[in-house]
Amino acid sequence: MKTDDLIRALAQDAPAQGRSTSRHALGWLAVAGPFVALLFMFLFEIREDLLGEAVLATVQKLTFTVLLLAAAARGATILMSPDARLRDAMIWIAAPLAALLVFIIGDLAFNDSGSVAERAIGETGLDCILSLIALSAAPLAAFLYGLREGAATRPGLAGALAGVTASALAASFYALHCNEDSALFVGLWYGLGIAIVGTIGYFAGQRFLRW
């Protein structure tokens, strides 16, 4: 059977297969959640002012990371169908990126323009990246394992979105510890950490999601 014929045959069963793969993959991601929580509690402390003066900044961080988690997970599961359209998978990412852009504009508008570089660089950028990578390992492995039931025609991209999903989950926990409240810092360092894990996911997807 030719590849195109195989894809068409698989596509006929795509709706049911897609729902099954989504449930399976998201189930494995959920299983990894408590492990991430335990690792977070072992390695980090929740910031003391979380429910005080830091509440607004933390809500902003979580708005971005949770939206990104949901969007990337949705995109990854969509790509596990052989007839998936790239636009349908990637359009979900617009919401978290738009939220982050709004927060950055607000940061620039209400703070001294002379401190832009200082707020962006912060003091814990490297710690942020390393923490996101460490907290992402288990959910990335679990999500990729769950996605193997699918039939991705873009396994690298599906793996990259799995990496973004895992790192967004990690970032959601890390935001409860992080005392760098500038949206510029979040965009730069959280963004770099998420991009690194997404790159790892891309190569893992090429290896484990190919069929």
Side-chain angles (χ1 to χ4, degrees), residues 29 32-73 75-76 92-143 160-202:
L29 182 64
F35 182 85
V36 179
L38 289 174
L39 184 60
F40 171 78
M41 289 187 290
F42 179 76
L43 294 176
F44 305 99
E45 295 181 354
I46 296 177
R47 57 187 298 179
E48 295 179 357
D49 59 350
L50 181 63
L51 298 179
E53 61 184 19
V55 63
L56 179 58
T58 303
V59 168
Q60 287 186 348
K61 294 175 194 173
L62 289 175
T63 299
F64 167 61
T65 59
V66 172
L67 280 175
L68 184 60
L69 166 62
W92 297 88
I93 303 297
L97 293 183
L100 179 61
L101 179 60
V102 169
F103 298 147
I104 289 176
I105 292 173
D107 190 309
L108 293 172
F110 293 104
N111 290 284
D112 180 11
S113 60
S115 63
V116 168
E118 181 180 346
R119 296 200 311 277
I121 295 173
E123 298 180 353
T124 61
L126 182 58
D127 291 340
C128 174
I129 289 177
L130 294 176
S131 299
L132 294 190
I133 293 173
L135 292 173
S136 298
L140 176 57
F143 199 33
L161 287 175
V164 173
T165 302
S167 52
L169 175 60
S172 298
F173 281 98
Y174 185 73
L176 305 178
H177 164 78
C178 177
N179 59 6
E180 305 273 10
D181 292 333
S182 171
L184 297 169
F185 179 92
V186 173
L188 176 60
W189 297 105
Y190 282 52
L192 282 173
I194 290 168
I196 290 171
V197 179
T199 302
I200 294 171
Y202 175 86

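We use all heavy atoms of the structure for the numbers below, so side chains are in, but hydrogens, waters and symmetry mates are not. Worth saying up front: this structure is predicted, and the values here are computed from it rather than measured.
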Could I get the full list of side-chain contact (heavy atoms from CB on, under 4.5 Å) partners for S167, not counting sequence neighbours? S136, I194, V197
Could you tell me which non-hydrogen atom of G122 sits nearest to which non-hydrogen atom of F185, and how far apart they are? CA-CD1, 4.0 Å
For V55, enumerate each residue passing the side-chain contact (heavy atoms from CB on, under 4.5 Å) test, keeping only those at least two apart in sequence or located in another chain. V59
Got C128 and L132 here, is their nearest side-chain heavy-atom distance under 4.5 Å? yes
Ignoring hydrogens and geometry, is there a side-chain-to-backbone donor-acceptor pair from W189 to I129 under 3.5 Å? no
So which heavy atom on A134 is nearest to which on L39, and how close? O-CD2, 3.9 Å
Checking T58 now: which residues fulfil side-chain contact (heavy atoms from CB on, under 4.5 Å) with it, not counting sequence neighbours? R47, L50, A54, L62, L176
Atom of F143, atom of A76 and distance for their closest heavy-atom approach: CE2-CB, 3.9 Å
Which value, rounded to the nearest 0.5 Å, describes the distance between I200 atom CD1 and L140 atom CG? 7.5 Å
Give me each pair satisfying salt bridge (Lys or Arg N to Asp or Glu O under 4.0 Å) with a member in residues 125-142, each pair once, sequence neighbours excluded. none
The ring-ring contact (aromatic ring centres under 6.0 Å, His included) partners of F35 (sequence neighbours excluded) come to none
Sidechain-backbone polar pair: W92 side chain, L67 backbone, donor-acceptor under 3.5 Å: no
Give the ring-plane orientation class for F44 versus H177, where under 30° counts as parallel, over 60° as perpendicular and anything between as tilted. tilted
Checking E180 now: which residues fulfil side chain to side chain donor-acceptor pair (under 3.5 Å) with it, not counting sequence neighbours? T124
Got V186 and F64 here, is their nearest side-chain heavy-atom distance under 4.5 Å? yes
Rounded to the nearest 0.5 Å, what separation is found between the CG atom of N179 and the CD atom of E48? 11.0 Å
With sequence neighbours left out, which residue pairs that include part of residues 61-71 fulfil the side chain to side chain donor-acceptor pair (under 3.5 Å) condition? K61-D181, T65-S172
Pairing residues for S115 by the side chain to side chain donor-acceptor pair (under 3.5 Å) criterion, not counting sequence neighbours: R119
To the closest 0.5 Å, what do you measure between CG (L51) and CD1 (I46)? 9.0 Å
Sequence neighbours left out, what passes side-chain contact (heavy atoms from CB on, under 4.5 Å) with V36? Give chain and number order. L135, P139, L169, F173
Compare every heavy atom of Y190 with every heavy atom of A175, then report the nearest pair and how far apart it is. CA-OH, 3.6 Å
